[in-house]
Every structure is written in structure tokens, then in C-alpha cells.
Student: 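Attaching a single structure in C-alpha cells format; questions to follow.
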Amino acid sequence: MPACVRIRLDIAYDGTDFSGWARQPGLRTCQGLLESALSTVLQREVTVTVAGRTDAGVHATGQVAHFDAPEGFVLDPRLPQRLNSLMRASDIAVLAASVAPEGFDARFSAVSRSYRYRLQFEAPNPLVRDRTFWPRPLDVGAMQRAAEALIGLNDFAAFCKPREGATTIRHLREFSWHEVETDGPGRVLEARLLADAFCHSMVRSLVGACVAVGEGRMNLAKAESLLSERKRVGGFTLMPPQGLVLHAVGYPPEGELEAQSRRARAKRSEEDVQSAARYDA
């Protein structure tokens with residue numbers, strides 16, 4: 001591979017008017033807009049690698065990506081401003097750009113992704129676009145117990161849209177519910193989730209299962225039993241995208257980046273889940 005300079009980008013966006021992160025022909029996407037601006041600046045075709053590919057309508061305050069510039073490239077401290085100017089968009093911004101340390105990969109070096117999902121029980125201000133209106137009462141205590149039952153290294157196939165050749169085994173480290181104060185009126189309930197990674201639609205499905213428990217449509221035992229399923233199941237709602245925000249991406253110390261990248265590329269198996277279960281017991 002030719003020598004290059006890897007640049008890390010920290011990015012935020014309002015996903016309302018994007019067809020997701022990933023580039024798609026004829027559609028407005030975060031990756032498409034960013035790569036077009038980068039290609040103009042570098043005067044060559046640029047491909048961006050991202051930590052987490054968000055779906056259409058999903059927001060981010062702590063997205064991370066990288067691109068490779070030619071050897072000898074000198075990072076202009078004004079690069080974020082130049083990119084933001086070229087994108088000419090009020091709903092996406094490059095917050096920072098830096099030379100990445102050796103071994104850094106925005107996707108594979110990550111050790112965690114943190115998301116939040118907000119529900120508002122009164123109709124929200126139309127200008128506030130990071131929450132989902134939920135008109136029915138919820139038992140938050142039951143939702144918290146359901147969330148705790150789903151934590152661990154598990155096969156989350158019941159909560160994921162399948163992708164050929166991809167594993168659905170993930171380590172969900174945190175999942176909790178909180179009432180939060182916001183600037184506007186109305187009660188807001190927030191789910192906080194942290195995992196090594198999330199598969200397609202997993203966060204919105206996990207939240208949907210807890211909402212089903214909170215409404216009394218699903219009991220706790222049924223929610224927990226979903227972890228034994230090996231395919232996507234019904235019985236709960238895939239929550240709308242607008243309440244979901246990618247909050248942060250975590251990385252190990254610089255000396256461990258390359259090793260983490262190798263580990264992340266290794267596909268997990270059912271044996272990993274069984275081993276974790278024996279250890280936890």
C-alpha cells in the first residue's frame with residue numbers, strides 16, 4: 001500500500017434530511033456530501049471510512065471518520081472550515097480534523113459506540129428534531145428491568161436486520177433509561193446504550209422492545225427470551241429514526257489501536273457467547 005497520511009474527522013449532523021450516512025446514487029447522504037467536498041480540496045477522489053453507518057433520519061453529535069491523503073500532505077488547520085463551506089449545508093459540520101496516530105482506523109479501531117434515544121410525551125417543538133413523540137404512558141421501571149436483562153455478550157439476531165455474512169453477536173455493555181431535563185416544556189425519557197458495536201437497526205429495536213414492555217404488550221420474560229432467537233422477530237416496534245443520536249465513539253490508547261483493529265476484524269461465533277455465559281455464571 002502506498003504511503004499516506006491518515007486524517008481523522010470528527011463530525012456532527014442532523015439526519016432529518018439525509019438518506020443515511022452511506023453514499024447512495026442520486027440521494028443526499030452524509031458520506032456523499034463529505035467526500036465531494038474532500039475531493040474538491042484534495043483535487044483527487046477521496047473515500048471516507050466511518051465509525052458507524054447511521055440510517056436515514058438518525059443524527060450524530062460524535063461521529064468519527066478517516067480518509068487517507070497522499071504522502072507529504074500537510075494538514076491545514078482551516079480544513080474543517082473549508083469543508084463546511086464547500087458542503088454549504090446547515091445540517092452537517094466537520095467539528096475537527098487531526099492527523100491520526102499510527103494504526104488508527106475509524107471503524108475497526110473503535111472499542112465502543114454510544115447512542116441515546118429520546119421519547120417526548122407531549123408534542124415537541126417542531127424545531128427540536130432529536131426525539132420521538134410518544135402519546136401513551138410507559139412503566140419506566142419495567143423498561144429499566146428489560147434493558148438490564150439484555151446487557152451482555154449475546155447474539156442479537158432478534159433485534160437486527162440481517163446482512164449476509166455479518167455476525168449479529170455484540171457486547172451490549174450499558175442500557176439504561178433516564179428522565180432528562182431539556183430546554184423546552186414536557187417530559188423527556190432517554191435511553192442510553194453503549195456497546196462495542198451495533199448491527200443494523202439494533203438500537204431502535206432494543207428501544208422498541210423496552211417500550212413494548214413499558215406499555216404492557218410484552219412481559220419481561222418474553223423480552224429476555226428474545227436473546228435465544230436466531231432470526232429477527234416481531235412483537236415490538238422498530239422505533240422511528242428521529243429520536244436516535246450517535247453520541248460518541250471510543251478508542252483505546254494509541255499503542256493499542258492496531259491490535260484492536262485486528263481483533264475487530266475477527267468474526268465472533270456462538271462459542272464466544274457460550275464462553276461468556278459460562279464466565280458470567
Side-chain angles (χ1 to χ4, degrees), residues 3-23 28-55 57-116 118 128-130 192-198 203 244-261 264:
C4 63
V5 179
R6 180 156 290 183
I7 303 298
R8 168 177 169 159
L9 301 175
D10 291 85
I11 307 158
Y13 47 85
D14 174 344
T16 304
D17 295 325
F18 285 104
S19 297
W21 168 270
R23 182 194 325 107
R28 185 174 187 262
T29 68
C30 301
Q31 182 181 17
L33 209 59
L34 182 59
E35 286 181 347
S36 177
L38 279 167
S39 297
T40 298
V41 171
L42 272 69
Q43 298 187 355
R44 64 196 295 266
E45 188 174 338
V46 176
T47 299
V48 171
T49 297
V50 74
R53 293 192 300 174
T54 51
D55 291 338
V58 176
H59 318 293
T61 58
Q63 182 68 277
V64 179
H66 79 251
F67 70 92
D68 291 329
E71 184 178 17
F73 175 82
V74 177
L75 178 62
D76 184 342
R78 297 171 299 172
L79 179 62
Q81 292 92 321
R82 293 183 67 189
L83 293 174
N84 293 335
S85 176
L86 285 166
M87 289 190 289
R88 297 182 180 178
S90 61
D91 51 0
I92 183 170
V94 176
L95 306 177
S98 58
V99 176
E102 185 175 354
F104 177 82
D105 185 291
R107 178 184 177 190
F108 289 109
S109 296
V111 293
S112 66
R113 281 89 171 167
S114 173
Y115 282 86
R116 65 169 172 80
R118 286 185 172 178
V128 179
R129 305 203 282 187
D130 66 343
R192 300 172 188 171
L193 302 93
L194 175 72
D196 55 348
F198 292 90
V203 178
L244 184 59
V245 177
L246 173 58
H247 178 64
V249 181
Y251 294 94
E254 289 188 12
E256 300 174 20
L257 289 165
E258 191 167 347
Q260 169 57 26
S261 184

Student: Suppose we screen for side chain to side chain donor-acceptor pair (under 3.5 Å). Which residues come up paired with Arg82, at least two apart in sequence or across chains?
Tutor: none
Student: If every non-hydrogen atom of Gly57 is compared with every non-hydrogen atom of His59, which pair is closest and at what distance?
Tutor: O-CE1, 3.6 Å
Student: Could you name each residue pair satisfying ring-ring contact (aromatic ring centres under 6.0 Å, His included) that touches residues 61-103, not counting sequence neighbours?
Tutor: none
Student: Under the rule for side-chain contact (heavy atoms from CB on, under 4.5 Å), what residues qualify as partners of Ala12, not counting sequence neighbours?
Tutor: Leu95
Student: Can you give me every donor-acceptor pair (side chain of residues 74-81, partner residue at least two apart or in another chain, under 3.5 Å) with its distance?
Tutor:
{"residue": "Asp76", "atom": "OD1", "partner": "Arg78", "partner atom": "N", "Å": "2.8"}
{"residue": "Asp76", "atom": "OD1", "partner": "Arg78", "partner atom": "NE", "Å": "3.2"}
{"residue": "Asp76", "atom": "OD2", "partner": "Arg78", "partner atom": "NE", "Å": "3.4"}
{"residue": "Asp76", "atom": "OD2", "partner": "Arg78", "partner atom": "NH2", "Å": "3.1"}

Student: Using side chain to side chain contact (heavy atoms under 4.5 Å, CB included), reason through Arg129 and Asp17 one step at a time and then give a plain yes or no.
Tutor: CA-CA 11 Å; Arg129 305 203 282 187; Asp17 295 325; 4.3 Å; yes
Student: Evaluate the side-chain proximity of Val58 to Val203: yes if any heavy-atom separation is below 4.5 Å, no if none is.
Tutor: no
Student: About how many Å separate OG of Ser112 and CG of Leu193, when rounded to the nearest 0.5 Å?
Tutor: 12.5 Å
Student: I'd like to check the salt bridge (Lys or Arg N to Asp or Glu O under 4.0 Å) partners of Arg107; sequence neighbours left out, ordered by chain and number.
Tutor: none
Student: Who pairs with Tyr115 by ring pair (Phe, Tyr, Trp, His ring centres under 6.0 Å), at least two apart in sequence or on another chain?
Tutor: Phe198
Student: Side chains of Arg118 and Val245: does their closest heavy-atom pair fall under 4.5 Å?
Tutor: no
Student: Run the numbers on Met87 and Val94 for side chain to side chain contact (heavy atoms under 4.5 Å, CB included), then give the verdict.
Tutor: CA-CA 10 Å; Met87 289 190 289; Val94 176; 4.0 Å; yes
Student: Kindly write out the residues that satisfy side chain to side chain donor-acceptor pair (under 3.5 Å) with Asp55, not counting sequence neighbours, or none if the list is empty.
Tutor: His200, Arg204
Student: Roughly how far, to the nearest 0.5 Å, is the CG atom of Asn84 from the OG atom of Ser90?
Tutor: 11.5 Å
Student: Yes or no on side chain to side chain contact (heavy atoms under 4.5 Å, CB included) for Leu38 and Leu9, after CA distance, side-chain angles and deciding distance?
Tutor: CA-CA 11 Å; Leu38 279 167; Leu9 301 175; 4.1 Å; yes
Student: Might you point out which heavy atoms bring Ala65 and Ile11 nearest each other, and give the distance in Å?
Tutor: CB-CD1, 3.9 Å
Student: What's the shortest heavy-atom distance between Ser109 and Gly103, and which atoms?
Tutor: OG-O, 3.2 Å
Student: Quick one: side chain to side chain donor-acceptor pair (under 3.5 Å) partners of Thr16, sequence neighbours excluded?
Tutor: Asp14
Student: By side chain to side chain donor-acceptor pair (under 3.5 Å), which residues pair with Glu35, not counting sequence neighbours?
Tutor: Arg23, Gln31
Student: Give the minimum heavy-atom separation between Leu42 and Pro70, together with the two atoms involved.
Tutor: CD2-CD, 4.2 Å
Student: Can you tell me which residue pairs pass the salt bridge (charged side-chain N to carboxylate O under 4.0 Å, His left out) test with a partner in residues 88-103, sequence neighbours excluded?
Tutor: Arg28-Asp91
Student: Show me the donor-acceptor pairs, under 3.5 Å and distance only, between side chains in residues 45-54 and residues at least two apart or in other chains.
Tutor:
{"residue": "Thr54", "atom": "OG1", "partner": "Tyr13", "partner atom": "OH", "Å": "2.7"}

Student: List in chain and number order the residues that pass ring pair (Phe, Tyr, Trp, His ring centres under 6.0 Å) with Phe108, two or more places apart in sequence or in another chain; answer none if no residue qualifies.
Tutor: none
Student: Would you say that Gln63 contacts Cys30 through its side chain, given a criterion of any heavy-atom pair below 4.5 Å between the two side chains?
Tutor: no
Student: Quick one: does any side-chain atom of Tyr251 pair with a main-chain N or O of Ala106 as donor and acceptor, under 3.5 Å?
Tutor: yes
Student: Please report the closest heavy-atom contact between Pro101 and Leu257, naming both atoms and the distance.
Tutor: CG-CD1, 3.5 Å
Student: Check whether any side-chain heavy atom of Leu246 lies under 4.5 Å from a side-chain heavy atom of Trp21, and answer yes or no.
Tutor: no
